[in-house]
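Remember, it's a predicted structure, so these values are computed and weren't measured experimentally.
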Amino acid sequence: MKLALEQQWTKDYENRLQTVGLTYDWEAKAPIGSRVVVLKDKKGQEIQPSNEYEVAVSNYLASGGDNFTAFEQGRLVESGPQVVTALIRHIQQEYPSHSLKE
């Protein structure tokens, strides 16, 4: 997780990840690759590098999209629908009178 968070910053741009159930502190002036200084779970406990955690990400990020190659190092437990397919299904459920096709 720390490696993925570190990949938010490159020499040319910042590409921030949205997190839920995970908080972290970072130092803007630290060298790229060493900015995340504190990483905690939703209970406020520090993330332990030796522990295994579940992370939910889009198929795009899981395959290294947007240069988040750290996600490729994880173990795929379950694969879900593509994000666009899930969005269409949600809209169809919320607004059944509207016509959207996958």
Side-chain angles (χ1 to χ4, degrees):
M1 288 186 284
K2 185 176 185 299
L3 179 57
L5 291 171
E6 290 288 355
Q7 290 178 338
Q8 296 176 106
W9 299 280
T10 69
K11 181 179 84 165
D12 300 321
Y13 68 97
E14 179 177 314
N15 190 9
R16 298 293 299 275
L17 289 171
Q18 295 179 11
T19 62
V20 176
L22 177 73
T23 60
Y24 61 99
D25 294 332
W26 57 281
E27 177 57 51
K29 294 182 182 191
I32 291 173
S34 301
R35 292 189 175 176
V36 176
V37 292
V38 177
L39 189 57
K40 295 182 179 182
D41 65 17
K42 64 183 176 184
K43 295 179 182 178
Q45 302 295 314
E46 283 200 38
I47 297 295
Q48 300 300 315
S50 59
N51 291 355
E52 196 170 286
Y53 299 89
E54 285 188 21
V55 176
V57 297
S58 69
N59 303 57
Y60 176 71
L61 288 178
S63 66
D66 279 343
N67 294 315
F68 287 103
T69 56
F71 289 120
E72 294 177 295
Q73 296 176 24
R75 181 172 49 93
L76 180 62
V77 176
E78 184 176 334
S79 181
Q82 295 289 324
V83 172
V84 69
T85 303
L87 176 61
I88 289 170
R89 288 181 186 158
H90 172 74
I91 292 171
Q92 288 171 331
Q93 289 173 356
E94 291 293 317
Y95 307 97
S97 63
H98 292 73
S99 173
L100 285 177
K101 299 197 185 309
E102 289 187 37

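A donor-acceptor pair is defined here as one N or O able to donate and one able to accept, closer than 3.5 Å; no such pair exists between the side chain of D66 and the backbone of F68. Looking at Q7, its side chain does come within 3.5 Å of a backbone N or O of T69 through a donor-acceptor pair. Between the side chain of E6 and the backbone N or O of R35, at least one donor-acceptor pair lies under 3.5 Å.
Here Q92 contributes atom CD and L87 contributes atom CG; the two are 10.0 Å apart, rounded to the nearest 0.5 Å. Taken from CG in L39 to CG in D25, the straight-line distance is 9.5 Å, to the nearest 0.5 Å. From Q18, atom CD reaches atom CZ of R16 across 10.5 Å, with rounding to the nearest 0.5 Å. With values rounded to the nearest 0.5 angstrom, E72 atom CD is found 10.5 Å from L61 atom CG. One finds the CD atom of Q82 at 4.0 Å from the CG atom of N59 (value rounded to the nearest 0.5 Å).
Within 6.0 Å of NZ in K2 there are more than 12 heavy atoms belonging to other residues, nucleotides or ligands.
Cluster membership for L3 and W26, using ILVMFWY side-chain heavy atoms within less than 4.5 angstrom, is not shared. Note: the hydrophobic cluster containing I47 does not contain V38 (ILVMFWY, side chain heavy atoms under 4.5 Å, direct or indirect links). Placement of V36 and Y53 within a single hydrophobic cluster is found when ILVMFWY residues are connected by side-chain heavy-atom separations under 4.5 Å, directly or transitively.
Proximity of E52 to R75: side-chain heavy atoms (C-beta onward) are separated by under 4.5 Å at one or more points.
Listed here is the closest heavy atom pair of A70 and A4: CB-N, 3.5 Å. Closest non-hydrogen pair, V55 versus V57, comes out as CG1-CG1, 3.7 Å. E46 approaches Q48 most closely through the heavy-atom pair O-NE2, 3.2 Å.
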Exercise for review: Please report the C-alpha distance between L5 and Y24 in whole Å, then the side-chain angles of each, then the deciding distance to 0.1 Å, and finally whether the side-chain contact (heavy atoms from CB on, under 4.5 Å) criterion is met.
Suggested key: CA-CA 9 Å; L5 291 171; Y24 61 99; 3.8 Å; yes
